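As the structure is a prediction and not an experimental result, all values here were calculated from the model.
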Amino acid sequence: MTVQVAPDDPPTAAGRSVEFWGYSMWGLAGLAIAGPELASVFRLAGWPTISNTIGHLETQHSWVRLVVVAVISVLAYYAVPQLAIDPKPIPAGVGGRALTVNGRIAKHDSPVTLLGAGYLLTAVATFVFGIAFAATDRGMHPGSYVGAYVLYGLIALMWVIVPSALALFFSRDVPFPTLFRTIGYLERRAHPAAALILAGLVVLLIHLSFYPWPKINS
């Protein structure tokens with residue numbers, strides 16, 4: 001089910017606000033990423049973290065480090081202006097491009113269709129599959145990174161790549177905001193929490209760019 005979105009319509013989808021879905025969907029992704037990172041810091045579990053996984057890729061293919069730095073640079077370019085925009089249902093612009101109500105780059109002068117519960121269910125089902133696959137792979141093959149590639153790859157696909165492509169090429173917006181638009185919502189409600197999340201993201205991005213920082217290999 002889909003509904004047409006006009007610029008002044010309140011941002012709602014599947015009976016709830018897109019702000020609610022932003023907290024829910026990015027909360028799931030955050031658990032999958034931050035959980036293993038924290039467990040690794042406190043030596044509680046051996047689940048592959050996203051930094052371990054990317055680090056493993058970098059050891060196999062040195063060019064991956066350049067891709068990571070490039071992606072982080074692009075994210076920063078678009079994220080900083082979005083964090084300064086009040087997350088209203090009125091589309092704004094960044095870098096000369098139009099934005100959907102959920103903060104994704106879209107076509108100029110093109111009506112945007114806000115997708116409904118179908119995409120949410122598909123993304124959650126994909127997430128559950130990724131968790132199950134990663135856990136099974138880790139149990140059967142300790143030290144394997146295949147499950148981690150699948151899990152983190154599916155999160156990137158369903159939370160970032162597909163939503164961005166739908167908005168840019170097909171004028172379709174998934175029911176939850178971008179990560180930085182969601183942080184903008186949170187900042188209005190709980191500024192310290194948003195600041196802590198941003199600080200954690202900065203540390204994680206630096207960690208990914210200069211892996212294994214802060215640990216230095218001798």
Side-chain angles (χ1 to χ4, degrees), residues 2 5 11 13-14 18 21-34 36-37 48-58 60-61 63-83 91 94-95 97-107 110 112-134 145-184 197 201 204-205 208-209:
T2 60
V5 176
V18 294
W21 293 123
Y23 298 147
S24 300
M25 299 302 288
W26 287 110
L28 279 178
L31 284 175
I33 294 172
E37 291 287 348
T49 66
I50 191 170
S51 55
N52 291 151
T53 304
I54 292 177
H56 182 260
L57 267 178
E58 291 175 351
Q60 304 299 312
H61 309 284
W63 53 264
V64 171
R65 187 178 296 273
L66 295 176
V67 174
V68 171
V69 174
V71 169
I72 290 174
S73 299
V74 172
L75 285 175
Y77 176 80
Y78 286 106
V80 172
Q82 281 207 53
L83 289 172
V94 61
R97 303 300 299 271
L99 293 180
T100 69
V101 294
N102 284 326
R104 296 180 178 88
I105 297 175
K107 297 178 181 178
S110 178
V112 176
T113 300
L114 184 62
L115 302 179
Y119 190 90
L120 294 170
L121 292 173
T122 302
V124 171
T126 303
F127 178 85
V128 172
F129 170 79
I131 292 286
F133 184 92
Y145 282 88
V146 174
Y149 291 152
V150 171
L151 173 59
Y152 298 129
L154 287 176
I155 291 175
L157 181 69
M158 298 302 292
W159 267 251
V160 180
I161 298 172
V162 170
S164 298
L166 286 173
L168 182 58
F169 299 112
F170 302 100
S171 296
R172 300 289 188 272
D173 204 12
V174 302
F176 58 92
T178 64
L179 174 60
F180 295 105
R181 180 61 62 90
T182 302
I183 292 174
I197 291 174
L201 284 172
L204 176 60
L205 293 178
L208 293 177
S209 298

Checklist entry - Do you know the tightest heavy-atom contact between T100 and R181? => result O-NH1, 4.2 Å
Checklist entry - Heavy-atom distance under 4.5 Å between the side chains of L28 and V124, does that happen here? => result yes
Next on the checklist: As an exercise, state the distance from CG of N102 to OG1 of T182, rounded to the nearest 0.5 Å.
Outcome noted: 8.0 Å
Next on the checklist: With a 4.5 Å cut-off on side-chain heavy atoms, are V162 and V174 touching?
Outcome noted: no
Next on the checklist: Over 60° means perpendicular and under 30° means parallel, so tell me whether F176 and W159 are parallel, tilted or perpendicular.
Outcome noted: tilted
Checklist entry - What's the verdict on side chain to side chain contact (heavy atoms under 4.5 Å, CB included) for L57 and Y149, showing C-alpha distance, side-chain angles and the deciding distance? => result CA-CA 9 Å; L57 267 178; Y149 291 152; 3.7 Å; yes
Checklist entry - Run the side chain to side chain contact (heavy atoms under 4.5 Å, CB included) check on L151 and T53 step by step: do they pass? => result CA-CA 11 Å; L151 173 59; T53 304; over 6 Å; no
Checklist outcome for this item: Minimal heavy-atom distance between L115 and R172, with the atoms involved, is CD2-CD, 4.0 Å
Checklist entry - For the side chain of K107 and the backbone of L168, is there at least one donor-acceptor N/O pair under 3.5 Å apart? => result no
Checklist entry - Between OG1 of T126 and CG of L154, what distance do you get to the nearest 0.5 Å? => result 6.0 Å
Checklist outcome for this item: Residues at least two apart in sequence or cross-chain that pass ring-ring contact (aromatic ring centres under 6.0 Å, His included) with Y145, listed by chain then number, are H56
Checklist outcome for this item: Closest heavy-atom pair, A148 versus P48, reported as atoms and distance to 0.1 Å, is CB-CB, 3.7 Å
Item to check | M25 side, atom CE; L179 side, atom CG - distance, nearest 0.5 Å | outcome: 12.5 Å
Checklist entry - Can you tell me if Y152 uses its side chain to pair, donor with acceptor, with the backbone of I33 under 3.5 Å? => result no
Item to check | Any donor-acceptor pair under 3.5 Å from D173 side chain to R104 backbone | outcome: no
Item to check | For T122, side-chain hydrogen bond (donor to acceptor under 3.5 Å, both in side chains) partners two or more places apart | outcome: none
Checklist entry - What do the steps show when you test F170 against T113 for side chain to side chain contact (heavy atoms under 4.5 Å, CB included), and what is the final call? => result CA-CA 9 Å; F170 302 100; T113 300; over 6 Å; no
Next on the checklist: If you compare all heavy atoms of P177 against all heavy atoms of W26, which two are closest, and at what distance to 0.1 Å?
Outcome noted: O-NE1, 2.8 Å
Checklist entry - So, W21 side chain and A13 main chain: donor-acceptor pair closer than 3.5 Å or not? => result yes
Checklist entry - When rounded to the nearest 0.5 angstrom, what is the spacing between OG in S171 and CG in L114? => result 12.5 Å
